[in-house]
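Start at 1 and go down the list; that is how both ligands and their atoms are numbered. Along the sequence shown, residues are numbered consecutively beginning with 1.
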Amino acid sequence: MSITIEQVSKNYGDQVALSNVSFSLKQGEIVGFLGPNGAGKSTLMKIICCYLSQDSGNIEVCDLNTKTQDLLVKSKIGYLPEDNPLYLDMYIKEYLSFVGGLYRVINLKKRIEEIIDQTGLDSEQHKKIGELSKGFKQRVGLAAALIHNPKILILDEPTTGLDPNQLVGIRNLIKEVGKEKTVLLSTHIMQEVDQMCNRVIIIKQGEIVDDNLIDNLKQNNIDLEEHFRKLTC
Ligand code: ADP
């Protein structure tokens with residue numbers, strides 16, 4: 001398994017964020033993680049990426065424990081947080097060089113060229129990040145998440161706020177890079193899950209309420225949007 005989550009719970013003071021969450025992701029799966037605002041998606045993603053710690057339960061990423069082997073776990077994961085924090089005053093290559101340095105990427109100069117090409121940043125590469133459109137900023141965030149060639153991608157609402165053309169571009173890019181990685185992505189757009197994912201996991205108030213193959217829903221003529229509404233209202 002790429003990721004195994006067992007009985008994970010997390011509270012912020014009195015606020016329950018996750019309650020006994022369990023699921024596993026197999027290598028090569030692209031999984032849509034759906035839930036209303038405040039359902040616990042970002043919290044779980046941060047815990048998988050070792051930026052937060054669970055109160056109880058266990059998570060393994062590529063057979064490594066997130067609590068005791070966090071540095072190794074981080075080397076296996078590319079994480080694009082919801083707010084895509086970037087250094088706006090840095091040039092694209094400068095930023096990728098900084099992030100690649102943190103991961104001790106070998107042949108970093110060559111890797112930066114590859115990743116700029118793969119993420120479609122060629123035409124913008126002379127610019128500072130602050131000068132880029134939202135769509136290109138997302139590409140920089142993805143490039144940074146991919147720089148160390150991780151086996152797993154965790155993408156927290158990667159398409160929020162993009163215009164329709166940018167949306168198509170980023171979706172295609174995720175589909176392309178997802179061919180050889182395990183991807184967990186959160187989104188509010190059902191079409192996106194339909195188009196990009198082979199599986200959907202739905203969370204409500206910190207609890208998993210559905211875990212289904214997209215093909216399974218389609219075979220049973222279940223409309224994902226309606227299914228989601230029924231389960232989360
Ligand atoms: P989602 O990503 O699905 O919108 P979150 O994981 O951000 O959900 O939030 C889950 C719950 O935890 C919400 O009730 C939210 O208000 C709460 N929460 C998230 N982060 C914090 C925090 N740093 N401090 C206190 N409560 C938080």
Side-chain angles (χ1 to χ4, degrees), residues 2-25 29-61 65-67 70 73-74 77-86 134 137-138 141-142 144-145 150 152-162 167 170-171 174 178 182-212 214 217 224-233:
S2 276
I3 303 181
T4 306
I5 298 167
E6 288 172 329
Q7 305 254 298
V8 165
S9 296
K10 169 83 183 170
N11 291 1
Y12 298 101
D14 291 340
Q15 175 67 55
V16 176
L18 297 170
S19 177
N20 276 320
V21 168
S22 300
F23 61 84
S24 303
L25 301 191
E29 282 191 298
I30 303 191
V31 179
F33 193 30
L34 294 179
N37 281 333
K41 302 179 295 296
S42 296
T43 299
L44 184 63
M45 288 177 147
K46 284 178 196 160
I47 294 175
I48 296 170
C49 298
C50 310
Y51 290 102
L52 266 182
S53 196
Q54 67 270 36
D55 298 335
S56 60
N58 195 50
I59 300 186
E60 292 201 346
V61 174
N65 188 285
T66 52
K67 275 202 168 171
D70 55 332
V73 169
K74 282 182 182 175
I77 295 182
Y79 174 44
L80 181 62
E82 190 180 0
D83 49 6
N84 186 17
L86 296 167
K134 170 110 182 159
K137 283 194 184 111
Q138 282 304 83
L142 266 175
I152 296 168
L153 271 182
I154 306 282
L155 309 175
D156 198 351
E157 298 194 16
T159 56
T160 298
L162 300 183
L167 251 170
I170 292 289
R171 275 184 201 157
I174 294 170
T182 306
V183 182
L184 181 68
L185 73 99
S186 68
T187 175
H188 288 288
I189 309 170
M190 303 293 151
Q191 279 171 316
E192 203 154 271
V193 178
D194 216 26
Q195 286 172 12
M196 297 170 63
C197 304
N198 58 308
R199 180 175 158 201
V200 61
I201 295 175
I202 301 178
I203 184 167
K204 180 189 176 188
Q205 294 175 348
E207 291 183 34
I208 303 297
V209 290
D210 195 32
D211 182 347
N212 230 316
I214 298 295
L217 294 176
L224 182 58
E225 195 146 356
E226 213 177 299
H227 185 60
F228 175 78
R229 235 181 296 122
K230 268 191 203 154
L231 286 170
T232 56
C233 275

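- Numbered from 1 in the order shown, with element, the atoms of ligand 1 that lie under 4.0 Å from a heavy atom of N37 read 4 (O).
- Between the side chains of E192 and T187, at least one donor N or O sits under 3.5 Å from an acceptor N or O.
- Of all the heavy atoms in D156 and S42, the pair that sits closest is OD2-OG, 2.7 Å.
- Between A39 and ligand 1, at least one pair of N/O atoms sits closer than 3.5 Å.
- In this structure the side chain of F228 reaches within 4.5 angstrom of the side chain of P36, judged on heavy atoms.
- Nearest protein heavy-atom contact of atom 8 (O) of ligand 1 is G40 N, 3.1 Å.
- Residues V8 and N20 fail the side-chain proximity criterion, which asks for heavy atoms closer than 4.5 Å.
- Assignment of P36 to the shell around ligand 1 is supported, since a heavy atom sits closer than 4.0 Å.
- For the residue pair N84 and Q138, a side-chain donor N or O sits within less than 3.5 Å of a side-chain acceptor on the partner.
- Remark: atom 15 (C) of ligand 1 lies closer than 4.0 Å to no protein heavy atom.
- At a threshold of 4.5 Å between non-hydrogen side-chain atoms, the residues S56 and Q7 do not count as touching.
- The shortest distance between side-chain heavy atoms of L155 and S186 does not fall below 4.5 Å.
- Remark: minimum distance from atom 7 (O) of ligand 1 to any protein heavy atom is reached at S42 CB, 3.9 Å.
- Every atom of ligand 1 with a heavy atom of K41 under 4.0 Å away is listed here by number and element: 1 (P), 2 (O), 3 (O), 4 (O), 6 (O), 8 (O).
- Among protein heavy atoms, atom 6 (O) of ligand 1 sits closest to T43 OG1, 2.5 Å.
- For atom 24 (N) of ligand 1, the nearest non-hydrogen atom of the protein is Y12 CD2, 3.6 Å.
- Counting only heavy atoms of the protein, atom 11 (C) of ligand 1 lies nearest to G38 O, 3.6 Å.
- Within the 4.0 Å heavy-atom cutoff, G35 does not count among the residues contacting ligand 1.
- Distances below 4.0 Å separate heavy atoms of A17 from the following atoms of ligand 1: 12 (O).
- S9 and Q54 are not linked by any side-chain donor-acceptor pair at a separation below 3.5 angstrom, with hydrogens and angles left out of the test.
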